[in-house]
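Take a look at the structure below.
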Amino acid sequence: MSTNSALSKYKFLGLFPLVMAQIGTSGDNSVLTVATASLLASLNATMSDIQLANIIYSLCAGCLMIVGGMVGLIVGWKKTFRIGAAMCAVGELVVAFSGNIFMFTWGGRLLVGIGASFLIPSVLGLIPGLYQGNDRAFAFGAIGAATGIASCLGPIAAGFLIDTFDWRIAFSCMAVYFTIVFVGSLLVGDVPLPEQKVRFDLKGTVVAVTGLFLLIIGISKIPVWGLIDPIAPPVIGGSPLVLFGMSPALFIALLGLITLVLLVRIERNVEKTYGSCLIPSSFLTTPQVRSGLYLTAMLFLCFGGSFFLVITYLQLVAGFSAIMTGIAMSAMAIPMIVFSMGIPKFSPDASPKKICRTGIAMVALSTIPMALSLNPYGVNWLMYVGLFFFGAGQGFVASQSSNIIAGAVNARDAQQSSGIQTATRNVGQAIGVAILGVVMLFSITGTFKDAALSSADLSSTSKTVISEQASIGFMPDAAFAKYIADKAANADDAAVLTTINRSTRQNSTQLGLYVLGFICALFWLSTGPLPNEKITK
């Protein structure tokens with residue numbers, strides 16, 4: 001069968017399993033998030049256990065996806081896709097039948113994380129090999145839309161299954177889902193292996209996994225362990241150790257960054273010697289590729305930031321259930337889906353630079369109505385206006401970002417870029433959540449203490465107790481009532497502090513949204529090398 005006829009055969013049907021894989025891996029964490037309360041009771045777990053189960057998946061995916069991007073070139077993208085889907089299905093099954101939190105985390109979640117590190121690079125690796133021109137732009141747009149679908153449907157589906165049945169049924173359904181993805185891979189066309197045999201880069205793999213692990217751990221722990229001053233246990237888990245009187249988070253992140261800088265030097269020599277490596281030099285020396293990676297990081301920074309700020313506020317302040325939250329977030333997801341797929345389909349000749357700049361502007365400005373929508377008890381209609389333009393802006397960028405990268409390098413590097421893109425997503429998301437976490441942590445604590453100590457309605461006894469608190473977390477009214485029960489001198493003081501807490505939550509979340517908008521606006525600076533004309537490769 002000729003290449004052209006193969007492409008024609010798999011042009012549409014083969015895209016469905018790829019989209020399903022993206023939805024499944026993006027939606028997996030929704031099930032765990034919604035199932036938290038059930039897991040705490042059923043497996044006799046603690047919140048630290050659940051956080052570890054969550055981070056194991058993220059760490060595996062973040063650290064191993066670059067490796068998955070190289071494995072696909074060695075054994076074939078379709079085979080790598082099927083290995084990833086099978087591991088995810090088995091991992092979800094192990095999770096569903098776990099009798100304790102140890103098996104849940106180190107058996108099931110570990111398998112799913114490793115599976116995802118093969119599955120997602122395969123999705124982005126197959127598309128440059130199977131599609132060209134407008135078809136490839138549309139296929140990448142569909143993958144971008146899949147992330148929006150997962151953010152919308154994930155919490156709704158997970159909430160329904162857990163509320164109607166239980167968490168084991170929800171994870172069993174995920175196992176069935178990934179089995180369908182595995183079977184659906186029969187519809188996916190294969191991509192020939194490169195003519196020049198690719199050698200597995202063991203040295204680069206060890207250094208890359210180590211560097212990414214340290215970087216992601218260090219960044220993600222900043223809100224938990226502290227930025228400079230360590231947060232003493234048992235507050236929010238607390239810093240496990242102190243280095244030179246400081247939190248270890250920045251030291252760990254810096255060590256990871258240094259390791260990745262070392263990786264670049266190592267990879268340069270490996271590529272020169274063997275002709276292939278984990279991170280080809282074209283990814284670092286081509287301005288258009290770097291811009292595309294920055295935009296990829298921005299997209300997942302937006303996801304992490306919006307979920308961290310908006311969903312937290314909707315659930316803890318407005319009292320939204322998982323299903324209600326999913327429906328509310330569809331205001332963001334639907335326009336993202338529409339524009340991710342619609343722009344490549346109906347405006348294939350549009351300028352990638354103009355589209356991305358328009359999207360960045362929309363994302364940055366949309367945080368203003370989102371912030372203005374907040375009140376001490378929930379949100380108003382402006383939140384949904386902001387979410388609409390926030391999602392639309394992401395859709396604009398998602399319609400171009402992956403194609404920008406693939407269109408700037410040769411065919412082999414375009415396929416291998418899949419691992420780099422997916423690792424960039426995880427780093428971008430970790431950075432976004434870390435920055436916003438620090439902003440929220442410091443602003444909540446500082447604002448709350450300032451308001452309490454300056455209040456004329458609060459007794460001196462309660463003021464003294466509040467001034468001694470190391471940190472004030474983001475808490476709903478019920479949790480705050482328990483927290484303040486032994487700190488307020490009397491019922492009147494408790495009422496005053498509750499009012500201050502409500503105002504502090506609102507102000508801190510507004511500040512977080514403005515910071516998110518500012519960070520997104522900075523990505524405009526990365527758009528200079530983007531092409532003005534459509535990408536034809």
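Note that the coordinates shown come from a computational prediction; the quantities given were computed from them, not determined experimentally. Heavy-atom basis, side chains included; hydrogens, waters and symmetry copies ignored.
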Quiz item: Taking atom types as modelled, is there a side-chain donor on S351 or E533 under 3.5 Å from an acceptor on the other?
Solution: no

Quiz item: Hey, what do you get for CZ (F307) to CG (L314), rounding to the nearest 0.5 Å?
Solution: 11.0 Å

Quiz item: Within the distance-only criterion (no hydrogens, no angle test), does the side chain of S373 pair as donor or acceptor with the backbone N or O of L382 below 3.5 angstrom?
Solution: no

Quiz prompt | Enclosure of F303 CZ (heavy-atom neighbours >12, cutoff 6.0 Å) | solution = yes

Quiz prompt | Exercise: identify the closest heavy-atom pair between P529 and Q288 | solution = CB-N, 4.0 Å

Quiz item: Quick one: CE on M65 to CD1 on I420, what's the gap to the nearest 0.5 Å?
Solution: 12.5 Å

Quiz item: Is a side-chain donor or acceptor of Y384 paired with a backbone partner of M329 at a separation under 3.5 angstrom?
Solution: no

Quiz item: Above 12 or not: heavy atoms from other molecules or residues under 6.0 Å from NZ of K79?
Solution: no

Quiz item: So, T286 side chain and F283 main chain: donor-acceptor pair closer than 3.5 Å or not?
Solution: no

Quiz item: What do the steps show when you test R425 against T296 for side-chain hydrogen bond (donor to acceptor under 3.5 Å, both in side chains), and what is the final call?
Solution: CA-CA 6 Å; R425 292 176 177 185; T296 299; over 6 Å; no

Self-check item: For L299 against S401, the heavy-atom pair lying closest together
Solution: CD1-OG, 3.7 Å

Exercise. Would you give the length of the straight line joining atom CG of L15 to atom CG of D135, rounded to the nearest 0.5 angstrom?
Key: 10.0 Å

Practice problem: Could you tell me whether a side-chain N or O of K345 sits under 3.5 Å from a main-chain N or O of F138, the two making a donor and an acceptor? | Solution: no

Quiz prompt | Side-chain donor/acceptor of K78 to backbone N/O of V188, under 3.5 Å | solution = yes

Self-check item: Closest non-hydrogen atom pair, G72 against T80
Solution: CA-OG1, 3.4 Å

Quiz item: Are any side-chain N or O atoms of T367 and backbone N or O atoms of L516, one a donor and one an acceptor, separated by less than 3.5 Å?
Solution: no

Quiz item: Can you tell if the side chain of M370 reaches within under 4.5 Å of the side chain of F390, non-hydrogen atoms only?
Solution: yes

Quiz item: Looking only at heavy atoms, which two atoms of M341 and A145 are closest? And how far apart?
Solution: CG-CB, 3.6 Å

Exercise. Give a yes or no on whether the backbone of F389 and the side-chain of S366 come within a donor-acceptor separation of less than 3.5 Å.
Key: no

Quiz item: If you draw a 6.0 Å radius around OH in Y294, do more than 12 non-hydrogen atoms from other residues or ligands fall strictly inside?
Solution: no

Quiz item: Between G305 and L436, what is the shortest heavy-atom contact and its length?
Solution: CA-CD1, 3.4 Å

Quiz item: Would you find a donor on one side and an acceptor on the other, under 3.5 Å apart, between the side chain of Q400 and the backbone of P352?
Solution: no

Exercise. Measure the CD1-OG distance between I149 and S330 for me, rounded to the nearest 0.5 Å.
Key: 12.5 Å

Self-check item: Rounded distance [0.5 Å steps], CD1 in I279 versus CG in L263
Solution: 4.0 Å

Quiz item: Measuring from M298:CE to I360:CD1, what's the distance to the nearest 0.5 Å?
Solution: 5.0 Å

Practice problem: Verify, without hydrogens or angle tests, whether E271 (side chain) and S281 (backbone) share a donor-acceptor contact under 3.5 angstrom. | Solution: yes

Quiz item: For P128, does its backbone N or O pair with a side-chain atom of Q132 as donor and acceptor, under 3.5 Å?
Solution: yes

Exercise. Using only heavy-atom distances, determine whether the side chains of R82 and S185 contain a donor-acceptor pair under 3.5 Å.
Key: yes

